[in-house]
Amino acid sequence: MEYSIKILGGGKEVGRAAIEVSTSSESIILDYGVNFDANDNPNLPLQEVPSKVKGFIVSHSHLDHVGALPLYQISGNFPIFGTRLTRLITELMLKDFLKLSGAKVPFEWTEVRKVMDNFRSVKYHEEFEVGTFKTELGDAGHIPGSSMIKIKTEKGNIVYTGDTNVINTHLVKPAELEFLRDANVLIIESTYGRFNHPERKVVEDEFFESVKEVVEGGGTVLVPAFSLSRSQEILSVLSSRNFDYPVYYDGMVKEITELMIQNPEFINDYESLKKAYNYFKYVNGWNDRNKATRNEGVIVSSAGMLKGGPAVYYFKKIADNPKNAVFLVSYQAENTPGRRLLETGKFDEYSPMLKARFQIFDFSSHAGKNQLKDMIKSAKNLEKVILVHGSPDSSSVLAEELKRELGVEVIVAENGQEIKVF
C-alpha cells in the first residue's frame, strides 16, 4: 500500500495548518485551520473529496489549526479526535470565531455544534483508529492539551508535530522527544526556522522586574495577550513570584483559565495558575475596567496584537502617561496595531506617539531553530522531513541547515503539494 501527504494549506504561511495523509482509498486530515489576510478576512484551506476522508485529528485548539473544522460538517458527520482539553477549548474558540467572523465563512452554528458532537476525546499514548489508520498522540509542549500525532503504517511511522516547544513553562512541560524516536517521516513546524529564543528564565526575570519597576513608580502596566495560553502563562509568572499589587484580567481569559483549572493533568505548574485565578481580579464590566486604569497595577487583556478586544480600550486610557507601560508578550503580525507600535511608536497613522514605556518580551510557545533541530535529531530512523507552518524564508533556512547536518531528504512544503512518503 502506498501512502502520501498532501498540504491543504490555509493561507499565506506554508502548510498552516491542514495536512492530509492518504492511501488510494481513504484519508485522514491532521488539523484544519483558518488564517486571516491583512483585512481580517478568513482564508480557508483546500478541501478534499469528502467520501475519501475518514476523520480528523486535531493537534491543539488555536484557530489556525481548528477554525475550518465546521466546513466538513456541512454535508456529513466526520469524527474528530484530540485530547479532552483541546476539545473543550475548541468549542470556545469556534463560537468566538463565528461571533466575530460569521458573515465571512460558509458555515453556521449548526456546523459548529456538529463539530463538538463529533469530537471524541483521547488520552496521550492511547492507540486509536480512524478508518484503518492506527494513530497515537504525544504531548507537544505547545499549550495545555496540545499533541503530536503519530500514524503507524506497515511501512513506517509518520509523525506530525503540530506546533511544539521543548522548554519547561508554567503551563506545559516540554514536548516528548521520545515520541519522535521511531518516526520515519517527520512533518514539523518551522515558525522560527531562522531564530533562537532567549532563555525563558531570563525573559521571566526581565519581565517581572520591569513590571515591578513601573507599578512601584505609580504606573499601570497593560499586557495585551492571547486569551488562549499566553494570558494564563503571564498570570502564572506573576502569581508564582507572589506579585502583591493589583492584577486584572479581561476578555475570554477567564473561561479558558477555568477549563484549564478543571483539567489539572494538562497543567505543569497547576498551583500558580490556580493561585492567579483565586487572587487576581477578573474584570466584569465597564465599572471594573475604569477601576483597573485608575490605580497602579497590571492588566492582562485580549487581544494580543491590539487588533481589538478590551486591550484597545486600556491602551487608549494609559498611552499618554509616561508612568504607565505597554508590554507586548505575543507575536505581532504584519498590519496589526502591535506591529505598527513596534515599527513607528504609533497605534495608527492618526495617533500621537506613544508616551508610555514600551517593551516586548519573547514568551513564544514555539521551538526556536536549534530546538527544532534537536527534535529532528531525536528521530533515529528518519528518512524524510517535511517543513510546514512557517514563512518561506524561515522554512528554507532551516531546510538548508538540516540537509547539511543530517543528510536526509528535506522538503519545504507548498500549499496544494502532494508528497509520496512510502
Side-chain angles (χ1 to χ4, degrees), residues 12-13 35-40 191-192 194-198 200 202-227 230-231 233-235 237-238 243 245-251 253 283 289-290 292-366 368 391 393-394:
K12 177 181 176 182
E13 287 190 318
N35 283 349
F36 298 88
D37 65 19
N39 298 313
D40 256 1
T191 310
Y192 289 95
R194 291 194 302 155
F195 304 105
N196 292 308
H197 302 297
R200 177 55 66 94
V202 173
V203 175
E204 288 188 16
D205 288 347
E206 183 184 358
F207 173 77
F208 186 75
E209 291 305 318
S210 298
V211 167
K212 271 183 61 181
E213 187 177 331
V214 173
V215 175
E216 289 176 352
T220 299
V221 179
L222 171 63
V223 185
F226 303 140
S227 294
R230 193 61 46 83
S231 290
E233 183 71 21
I234 296 302
L235 293 172
V237 167
L238 295 172
F243 186 73
Y245 292 90
V247 177
Y248 301 87
Y249 56 97
D250 201 346
V253 180
V283 175
R289 284 195 180 119
N290 290 327
T293 60
R294 287 195 200 119
N295 302 306
E296 67 274 5
V298 180
I299 305 167
V300 180
S301 175
S302 58
M305 301 182 198
L306 287 168
K307 286 200 301 182
V312 174
Y313 166 79
Y314 293 122
F315 178 86
K316 292 178 179 178
K317 293 285 283 188
I318 73 164
D320 286 339
N321 188 341
K323 281 188 173 183
N324 298 330
V326 178
F327 289 169
L328 299 180
V329 294
S330 304
Y331 171 72
Q332 305 299 312
E334 292 182 19
N335 301 308
T336 63
R339 174 66 73 88
R340 198 173 295 113
L341 277 170
L342 286 170
E343 294 174 347
T344 69
K346 299 174 70 172
F347 184 84
D348 58 37
E349 59 182 307
Y350 308 106
S351 301
M353 293 294 291
L354 176 66
K355 294 179 182 177
R357 176 173 169 176
F358 184 57
Q359 288 177 251
I360 186 166
F361 300 89
D362 187 350
F363 279 92
S364 179
S365 55
H366 294 266
S391 61
D393 55 344
S394 288

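Please read these numbers as outputs of a predicted model, since none were measured by experiment.
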May I ask you to test the [X]-[Y] pair for a side-chain heavy-atom distance under 4.5 Å?
| X | Y | result |
| --- | --- | --- |
| Ile299 | Val283 | no |
| Leu222 | Asn324 | no |
| Leu328 | Phe358 | yes |
| Ile234 | Val298 | no |
| Thr293 | Thr220 | no |
| Phe207 | Gln359 | no |

N/O donor to acceptor pairs below 3.5 angstrom from side-chain atoms of residues 305-317, sequence neighbours left out:
| residue | atom | partner | partner atom | Å |
| --- | --- | --- | --- | --- |
| Lys307 | NZ | Asp40 | OD1 | 2.9 |
| Tyr313 | OH | Asn290 | OD1 | 2.4 |
| Tyr314 | OH | Asp250 | OD2 | 2.6 |

Which value, rounded to the nearest 0.5 Å, describes the distance between [X] atom [atom1] and [Y] atom [atom2]?
| X | Y | atom1 | atom2 | answer |
| --- | --- | --- | --- | --- |
| Leu341 | Met353 | CG | CE | 9.0 Å |
| Lys212 | Phe243 | NZ | CZ | 8.5 Å |
| Ser301 | Tyr249 | OG | OH | 12.5 Å |
| Tyr331 | Arg230 | OH | CZ | 12.5 Å |

Looking at every non-hydrogen atom in both residues, tell me the closest pair between [X] and [Y] and how far apart they are.
| X | Y | value |
| --- | --- | --- |
| Gly368 | Asn196 | C-OD1, 4.0 Å |
| Ser351 | Lys346 | O-CE, 2.6 Å |
| Arg340 | Phe347 | NH1-O, 2.9 Å |
| Leu342 | Gln332 | CD1-CG, 3.9 Å |
| Phe226 | Ser231 | O-OG, 2.8 Å |
| Asp362 | Pro198 | OD2-CD, 3.2 Å |

Kindly determine whether Arg357 and Phe327 satisfy side chain to side chain contact (heavy atoms under 4.5 Å, CB included), including the steps that lead there. CA-CA 8 Å; Arg357 176 173 169 176; Phe327 289 169; 4.0 Å; yes
Does Arg200 form a side chain to side chain contact (heavy atoms under 4.5 Å, CB included) with Phe363? I'd like the steps, not just the answer. CA-CA 7 Å; Arg200 177 55 66 94; Phe363 279 92; 3.8 Å; yes
Dump the intermediate steps for side chain to side chain contact (heavy atoms under 4.5 Å, CB included) on Glu204 and Glu233, then the final yes or no. CA-CA 10 Å; Glu204 288 188 16; Glu233 183 71 21; 4.1 Å; yes
Kindly assign one of parallel, tilted or perpendicular to the pair His366 and Tyr192, based on the angle between their ring planes and the thresholds 30° and 60°. tilted
No-hydrogen, no-angle side-chain donor-acceptor test under 3.5 Å, Ser391 and Asp393: yes
